[in-house]
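This report refers to the structure that appears directly beneath it.
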Amino acid sequence: MCNFLPDRLIDLILSHDVVPAVNQVELHPFCQQRSLRQVMEAYRIAPMAWAPFAEGQHGLFTDPVLTAIGRTYGKSPAQVVLRWLQQKQIVAIPKSVHAERIQQNFEVDDFALSPADMVQIDALDLGHSLILDVPSLNEVYRLHGIRFEP
Ligand SMILES: NC(=O)c1ccc[n+]([C@@H]2O[C@H](COP(=O)([O-])OP(=O)(O)OC[C@H]3O[C@@H](n4cnc5c(N)ncnc54)[C@H](OP(=O)(O)O)[C@@H]3O)[C@@H](O)[C@H]2O)c1
């Protein structure tokens, strides 16, 4: 399942006999979903990060913090993000159409971010969605391709 925020997630859990195993949500350094992740942890629901690179928004691939951390390990900002997610035990589903980037995105098991690195990346959180504002009615209409003329 995907895009369940705390209120609908708890409602779903309390209305059914089976607790979901995974909730796939927008999750990247700029949108870290902290309160949702706390709820999911309490119910042992695995977080899965869609758009782990924020689809490149907010300058993720040139972000100075991610770039500086990556430089110390010989890794790209993308790899730093994937490693940060892995160390937080968050499943990531990065997307690329380029073979070399797909390969690069697998190469995140040969280094480890320090606690100080993790704190720096945690501090990048903007606390809101950049891509899909789930509770917004306009987003629901947009996803269903519905436009109202004035
Ligand atoms: N459930 C949902 O509501 C939902 C919503 C959105 C997305 N998703 C899923 O989430 C997955 C990924 O999301 P997404 O594609 O939206 O965003 P994303 O993975 O955050 O970003 C994809 C972008 O990053 C670039 N990229 C990938 N690896 C890179 C690297 N190592 N260095 C530099 N650039 C790199 C890609 O470019 P190139 O392709 O040109 O390499 C592409 O422009 C997809 O499977 C998608 O279906 C789910």
Side-chain angles (χ1 to χ4, degrees), residues 1-13 15-16 18-41 43-113 117-118 120-147:
M1 55 177 246
C2 68
N3 298 320
F4 273 72
L5 299 186
D7 60 330
R8 295 295 86 214
L9 181 60
I10 297 291
D11 190 28
L12 181 83
I13 292 167
S15 316
H16 295 82
V18 179
V19 176
V22 178
N23 187 20
Q24 185 186 112
V25 290
E26 177 182 346
L27 209 171
H28 45 74
F30 306 132
C31 176
Q32 300 186 14
Q33 304 279 14
R34 287 190 184 145
S35 52
L36 174 62
R37 276 166 45 216
Q38 275 178 3
V39 172
M40 290 200 284
E41 196 176 342
Y43 286 92
R44 304 171 71 89
I45 300 170
M48 180 181 283
W50 64 251
F53 304 139
E55 297 181 350
Q57 290 191 40
H58 204 66
L60 184 138
F61 296 120
T62 53
D63 180 85
V65 171
L66 300 173
T67 303
I69 292 172
R71 198 176 297 124
T72 61
Y73 302 103
K75 295 290 179 181
S76 69
Q79 289 170 311
V80 169
V81 169
L82 293 178
R83 183 69 204 189
W84 170 76
L85 288 166
Q86 193 179 92
Q87 288 183 213
K88 287 188 173 291
Q89 297 185 313
I90 297 169
V91 181
I93 49 165
K95 168 257 161 192
S96 176
V97 296
H98 294 98
E100 69 279 9
R101 286 180 179 169
I102 293 170
Q103 180 61 34
Q104 183 193 120
N105 294 346
F106 277 116
E107 292 169 357
V108 295
D109 292 327
D110 55 353
F111 75 113
L113 296 170
D117 297 331
M118 296 296 283
Q120 280 195 77
I121 302 170
D122 288 351
L124 296 178
D125 192 14
L126 299 173
H128 59 80
S129 150
L130 294 185
I131 300 162
L132 180 63
D133 184 16
V134 173
S136 158
L137 272 185
N138 284 339
E139 293 284 51
V140 179
Y141 289 133
R142 183 177 66 81
L143 290 170
H144 285 268
I146 301 168
R147 258 183 69 230

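Note that ligands are numbered from 1 as they come in the structure, with each ligand's atoms numbered from 1 the same way. Computed from heavy atoms alone, side chains included, the values below leave out hydrogens, waters and symmetry copies. Along the sequence shown, residues carry numbers from 1. Note that the structure is a prediction, hence the values are computed from the model and not measured.
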Which residues share a side-chain contact (heavy atoms from CB on, under 4.5 Å) with Gln86, sequence neighbours left out: Arg83, Val108, Asp109
Return yes if some donor-acceptor pair links the side-chain N/O of Gln79 with the main-chain N/O of Gln104 below 3.5 Å, else return no. yes
Which residues pass the side-chain contact (heavy atoms from CB on, under 4.5 Å) test with Leu132, sequence neighbours left out? Asn3, Glu26, Trp50, Val134, Glu139, Arg142, Leu143
Polar contact flag, side-chain donor to acceptor under 3.5 angstrom, Asp117-Trp84: no
Within the distance-only criterion (no hydrogens, no angle test), does the side chain of Lys95 pair as donor or acceptor with the backbone N or O of Glu55 below 3.5 angstrom? no
Amino acids in close contact with ligand 1, where any non-hydrogen atom sits under 4.0 angstrom away: Cys2, Asn3, Gln24, Trp50, Ala51, Pro52, Phe53, Ala54, Glu55, Phe61, Ala78, Ile93, Pro94, Lys95, Ser96, Val97, His98, Arg101, Gln104, Asn105
What pairs with Phe4 under ring-ring contact (aromatic ring centres under 6.0 Å, His included), at least two apart in sequence or on another chain? none
